[in-house]
Every structure is written in C-alpha cells, then in structure tokens.
Amino acid sequence: METVANVLVGLVAALHAYILVLEMFLWEKKPGRGLHGFDPEMAKATAPLAANQGLYNGFLAAGLVWGLIAADPTGFRVQVFFLSCVVIAGVYGTVTANRRILFAQALPGAIALAAVLIAQ
C-alpha cells in the first residue's frame, strides 16, 4: 500500500506542477485561456492573479515532493500536511470559484491522503 500511496502523492504533485505551468507561463496562450474560456483580453487582465495562484500550486507540488523524499516520520507528516492543504484549497475553490475544482484538485488530494493514512 505504501507504493500506491507514494504514486498517488507523486501524481498530485505532478498535477500541481502542471497547474503552475498553466497559470504562470501559459495563461495568455491557448491552453491557459481554454481553462476558463477567457478571451485574450481577459487572460491578459487576469494574468498576474493567475501567476500568483500558480506559484502557490508550485509550493504545494514542492511540499509533496519533499514529503516523498524525506525519511519518516517527517515524510509522512509533510505528506499529510500538504495533502490536507490541497484538499482544503480544492474545497475552497469549489465553493468560491468553480465546481470542477472539486474533481480536479480536492478529490485527487483526498484519495492520496486516504492512501497515505492507510499505508502508515
């Protein structure tokens, strides 16, 4: 089960690294605009906000990678902390921004968190 948990944590980290790239570097290009259906003008106006969000997603990804490479008990605790942050941010985003965030962010984080807790 530990291997499954590690793979799931790695996938959540990769997801947040991808979100970082979308929000920080591709926001005004087709992949970033397509995320929310923005036209070029709206994408340009919201790019600084998106870059800030992307940076936070990068911190989540970095924390999850840290949790994967750190020895226990630190690695376990770091994974639980950052996966909890992912779930909380996903639920908040679902309530305040878009329901898709529940399935794109909160659910994968919750599944990974459950796997980490079961594996311990």
Side-chain angles (χ1 to χ4, degrees):
M1 187 63 188
E2 185 177 344
T3 301
V4 170
N6 286 340
V7 168
L8 291 173
V9 171
L11 288 172
V12 173
L15 171 65
H16 285 275
Y18 173 70
I19 294 169
L20 172 147
V21 171
L22 266 179
E23 292 178 340
M24 291 189 80
F25 305 110
L26 300 176
W27 191 254
E28 294 183 63
K29 295 179 175 36
K30 190 172 181 176
R33 288 196 325 263
L35 192 62
H36 293 289
F38 289 162
D39 61 27
E41 184 178 306
M42 179 61 87
K44 184 176 178 101
T46 58
L49 298 170
N52 186 275
Q53 290 175 180
L55 185 60
Y56 283 98
N57 279 287
F59 291 142
L60 291 172
L64 292 170
V65 170
W66 174 30
L68 286 172
I69 63 174
D72 286 334
T74 301
F76 168 76
R77 292 173 181 160
V78 168
Q79 288 179 35
V80 169
F81 173 78
F82 279 97
L83 288 168
S84 297
C85 290
V86 166
V87 172
I88 292 166
V91 169
Y92 184 80
T94 298
V95 171
T96 61
N98 189 317
R99 275 189 276 165
R100 291 182 310 185
I101 296 171
L102 180 66
F103 301 103
Q105 181 177 342
L107 185 59
I111 292 169
L113 178 59
V116 167
L117 293 171
I118 291 167
Q120 188 62 27

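Keep in mind it's a predicted model, so treat the numbers as computed, not measured.
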Going by ring pair (Phe, Tyr, Trp, His ring centres under 6.0 Å), name the pairs with one or both residues in residues 88-111, residues two or more places apart or in two chains. none

Has Arg99 got a side-chain atom pairing as donor or acceptor with Thr94's backbone, closer than 3.5 angstrom? no

Could you state the interatomic distance from OG1 (Thr46) to CD (Glu41), rounded to the nearest 0.5 Å? 10.5 Å

Mind checking who shares a hydrophobic cluster with Leu60, ILVMFWY linked at side-chain heavy-atom distances under 4.5 Å? Val9, Val12, Leu64, Trp66, Leu68, Phe76, Val78, Val80, Phe81, Phe82, Leu83, Val86, Leu113, Val116, Leu117

Looking only at heavy atoms, the pair that brings Ala17 and Ala61 closest together is N-CB, 3.8 Å

Using the rule that Ile, Leu, Val, Met, Phe, Trp and Tyr join whenever any side-chain heavy atoms are under 4.5 Å apart, tell me whether Ile111 and Leu102 fall into a single cluster. yes

Find the distance between CD1 (Ile101) and CG (Leu107) and round it off to the nearest 0.5 Å. 13.5 Å

Donor-acceptor pair, Asn57 side chain versus Gln53 backbone, under 3.5 Å? yes

May I ask you to list the residues sharing a hydrophobic cluster with Met24, side-chain cutoff 4.5 Å, ordered by chain and number? Tyr18, Leu20, Val21, Leu22, Phe25, Leu26, Trp27, Leu35, Phe38, Met42, Leu55, Tyr56, Phe59

For Pro108 and Ala104, the nearest pair of non-hydrogen atoms, with its separation, is CG-O, 3.6 Å

Quick one: pull up CZ in Arg100 and NE2 in His36 and give me the separation to the nearest 0.5 Å. 6.5 Å

